[in-house]
Amino acid sequence: MSNYQNQLDRFRTIAKKLVDDHCAELFTSSKHVETKTDTYSLHLDTLGKQLDEQAQQFISSSQAGNESLRSEIWNVCKKYLEQFVRRSEPDGERRAAY
């Protein structure tokens, strides 16, 4: 079980770094209010693709035949995408969603 948890923790570290990097980049690049939504959408799309690529690579390189680990990795991806949305969504869109 410890190997399972170690693998999951390593993937969480990868996912967290991607989200942190995109949040920081979005913050510094979205100085212009009129382009903030487009920039946000671009970062969200790119982050989703990067998480997907990292998950695919991680699963294949770790020989994760364990279906439980695969499922957990995809759940981590979903969690971190949602975290990016919460942290970075433009104000107007956030209000409209509630």
Side-chain angles (χ1 to χ4, degrees):
M1 188 64 154
S2 110
N3 185 37
Y4 175 90
Q5 191 61 45
N6 286 340
Q7 289 178 325
L8 201 50
D9 288 344
R10 279 186 302 178
F11 187 74
R12 280 190 183 109
T13 300
I14 292 167
K16 182 181 183 319
K17 182 175 178 355
L18 284 171
V19 170
D20 289 346
D21 289 350
H22 277 278
C23 286
E25 198 174 310
L26 180 62
F27 178 76
T28 59
S29 68
S30 62
K31 301 290 183 195
H32 304 288
V33 176
E34 63 274 1
T35 62
K36 191 171 186 174
T37 300
D38 292 338
T39 304
Y40 164 78
S41 296
L42 179 63
H43 277 279
L44 181 60
D45 184 50
T46 303
L47 175 61
K49 289 176 184 174
Q50 288 176 327
L51 284 171
D52 184 56
E53 289 172 11
Q54 289 294 326
Q56 296 285 353
Q57 289 176 5
F58 190 84
I59 288 169
S60 65
S61 70
S62 68
Q63 301 171 346
N66 184 339
E67 195 58 40
S68 178
L69 181 60
R70 287 177 189 223
S71 177
E72 284 292 332
I73 287 172
W74 293 116
N75 285 337
V76 168
C77 289
K78 181 180 175 186
K79 173 189 160 194
Y80 278 98
L81 274 173
E82 290 170 355
Q83 183 183 58
F84 175 78
V85 169
R86 281 193 312 271
R87 288 170 60 182
S88 304
E89 190 173 34
D91 291 336
E93 290 182 21
R94 188 177 304 130
R95 284 189 213 117
Y98 291 107

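Going from atom OG1 of Thr46 over to atom CG of Asp21 covers 12.5 Å, rounded to the nearest 0.5 Å. Residue Phe11 holds its CZ atom at 6.0 Å from CG of Leu51, rounded to the nearest 0.5 Å. If you take CD1 on Ile59 and CD on Gln54, they are separated by 11.5 Å, rounding to the nearest 0.5 Å. Between the CZ atom in Arg12 and the NZ atom in Lys79 there is a gap of 6.0 Å [rounded to 0.5 Å]. How far NE2 of His43 is from CZ of Phe84: 6.5 Å, rounded to the nearest 0.5 Å. Note that CG of Leu44 is 12.5 Å distant from OG1 of Thr39, once rounded to the nearest 0.5 Å.
Remark: side-chain polar atoms of Ser88 are not paired, donor with acceptor, to backbone N or O of Val85 under 3.5 angstrom. Judged by distance alone, the side chain of Ser60 and the main-chain N or O of Gln56 form a donor-acceptor pair under 3.5 Å.
His22 places none of its side-chain heavy atoms less than 4.5 Å from the side chain of Leu42. With a 4.5 Å cut-off on side-chain heavy atoms, Val19 and Leu81 do not count as touching.
Put simply, Trp74 and Ile14 are part of the same group of oily side chains (I, L, V, M, F, W, Y) that touch within less than 4.5 Å, one to the next.
Across all their heavy atoms, Ala55 and Ile73 have their closest contact at CB-CG2, 3.7 Å.
A salt bridge is defined here as a Lys NZ or Arg NE, NH1 or NH2 lying under 4.0 Å from an Asp or Glu carboxylate O, and Asp52 with Lys49 fails to meet this definition. Note on Lys16 versus Asp9: no salt bridge recorded, every NZ/NE/NH1/NH2 to OD/OE distance being 4.0 Å or above.
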